[in-house]
Asker: 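I have a structure I would like to understand better, so I am pasting it below and will then ask my questions one at a time.
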Amino acid sequence: QVQLVESGGGLVQAGGSLRLSCAASGRIFSTYVVGWFRQAPGKEREFVAAIKWSGDTTYYADSVKGRFTISRDTAKNTVYLQMNSLKPEDTAVYYCASKPMYEREYDFWGQGTQVTVSS
């Protein structure tokens, strides 16, 4: 089983930046996708961004496009989420997750890291 650990969350003022990291203890195969999700208080979990482990193809939610960047380091088995121009509405617990590309549901989830953006 792949274990994922998020880090890098914290408190930041609006307009600031944070970089989240997702470290995987198990090997991520080339057919896997790694994504970032978030859940704000009183809201449903929503998709933020994803990256194919092979091919560098990326996907972004419209709400973060142009502000967030997802990337990977295969040597370190780590995925990053660079978050710029943060807004108060970005406040949420951020989770990373992975899944085989042929499945709809993400199978492996981290414990989450809190991101709080003050106005």
Asker: How many angstroms lie between CD in Gln82 and CG in Leu20, if you round to the nearest 0.5 Å?
Answerer: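 Reported value, rounded in 0.5 Å steps: 8.5 Å.
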Asker: To the nearest 0.5 angstrom, please state how far the OG1 atom of Thr113 sits from the CG atom of Leu18.
Answerer: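 If we round to the nearest 0.5 Å, Thr113:OG1 and Leu18:CG are 8.5 Å apart.
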Asker: So if you build clusters from Ile, Leu, Val, Met, Phe, Trp, Tyr with side-chain heavy-atom gaps below 4.5 Å, do Tyr32 and Tyr106 land together?
Answerer: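 In one cluster with Tyr32: Tyr106, no.
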Asker: Would you name the heavy atoms of Val33 and Ala50 that are closest together and state the gap between them?
Answerer: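 Answer, listing the atom of Val33 first, then Ala50: CG1-CB, 4.0 Å.
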Asker: Of all the heavy-atom pairs spanning Leu81 and Ala49, show the shortest one and how long it is.
Answerer: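 The answer is CD1-CB, 4.3 Å.
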Asker: Does Ile51 offer a backbone N or O that forms a donor-acceptor pair with the side chain of Thr58 under 3.5 Å?
Answerer: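 Absent.
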Asker: Can you tell me how far apart CD (Glu103) and OG (Ser98) are? Round to the nearest 0.5 Å.
Answerer: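 OG of Ser98 is found 10.0 Å from CD of Glu103.
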Asker: Look at the rings of Tyr95 and Trp109 and say which category their plane angle falls in: under 30° parallel, 30 to 60° tilted, over 60° perpendicular.
Answerer: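 Because their plane-to-plane angle is over 60°, the rings of Tyr95 and Trp109 count as perpendicular.
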Asker: Check the pair Leu86, Phe68 against side chain to side chain contact (heavy atoms under 4.5 Å, CB included), reporting the backbone distance first and the verdict last.
Answerer: CA-CA 9 Å; Leu86 283 163; Phe68 291 10; 3.8 Å; yes
Asker: Identify the heavy atoms of Asn84 and Ser17 that sit nearest to each other, and give their distance.
Answerer: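 For Asn84 and Ser17, the tightest heavy-atom pair comes out as OD1-OG, 2.9 Å.
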Asker: Between Asp90 and Lys87, does any NZ, NE, NH1 or NH2 come within less than 4.0 Å of an OD or OE carboxylate oxygen?
Answerer: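 Looking at Lys87 and Asp90, the cut-off is not met.
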Asker: Please report the interatomic distance SG(Cys96) to OH(Tyr80), rounded to the nearest 0.5 Å.
Answerer: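 Rounded to the nearest 0.5 Å, the SG-OH separation comes to 12.0 Å.
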Asker: Search all heavy atoms of Val64 against all heavy atoms of Val48 and return the closest pair with its distance.
Answerer: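 Closest heavy-atom pair between Val64 and Val48: CG2-O, 3.5 Å.
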Asker: Applying side chain to side chain contact (heavy atoms under 4.5 Å, CB included), run through Trp53 and Arg72 and close with a yes or a no.
Answerer: CA-CA 8 Å; Trp53 203 246; Arg72 61 168 170 79; 3.7 Å; yes
Asker: Quick one: are the ring centres of Phe47 and Tyr59 less than 6.0 Å apart?
Answerer: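 Judged by ring-centre distance (under 6.0 Å), Phe47 and Tyr59 do not meet the cut-off.
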Asker: Taking Gln111's backbone N and O only, do any of them form a donor-acceptor pair with Glu6's side chain (distance below 3.5 Å, no angle check)?
Answerer: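 Checking the backbone N and O of Gln111 against the side chain of Glu6, a donor-acceptor pair under 3.5 Å is found.
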Asker: Any chance you could measure Arg38, atom CZ, to Arg45, atom CZ, to the nearest 0.5 Å?
Answerer: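 Output value for this atom pair is 13.5 Å.
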Asker: What pair of heavy atoms forms the shortest contact from Thr78 to Lys76, and how long is it?
Answerer: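 Answer, listing the atom of Thr78 first, then Lys76: OG1-O, 2.9 Å.
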Asker: Start with the C-alpha gap between Thr91 and Gln114, add the side-chain angles, then the distance that decides, and say whether side chain to side chain contact (heavy atoms under 4.5 Å, CB included) holds.
Answerer: CA-CA 8 Å; Thr91 295; Gln114 176 71 47; 4.1 Å; yes
Asker: So how far is it from Tyr60 OH to Trp36 CH2, rounded to the nearest 0.5 Å?
Answerer: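 The distance works out to 12.5 Å.
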Asker: Looking at every heavy atom in both Leu4 and Ala97, which two are closest together, and how far apart are they?
Answerer: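 It is CD1-CA, 3.6 Å.
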Asker: Any side-chain heavy atom of Asp107 sitting closer than 4.5 Å to one from Pro100?
Answerer: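 Side-chain contact under 4.5 Å: yes.
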Asker: Is it the case that one hydrophobic cluster holds both Val93 and Val115, taking links as side-chain heavy atoms less than 4.5 Å apart, direct or via other members?
Answerer: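 Unlinked, Val93 and Val115 end up in two clusters.
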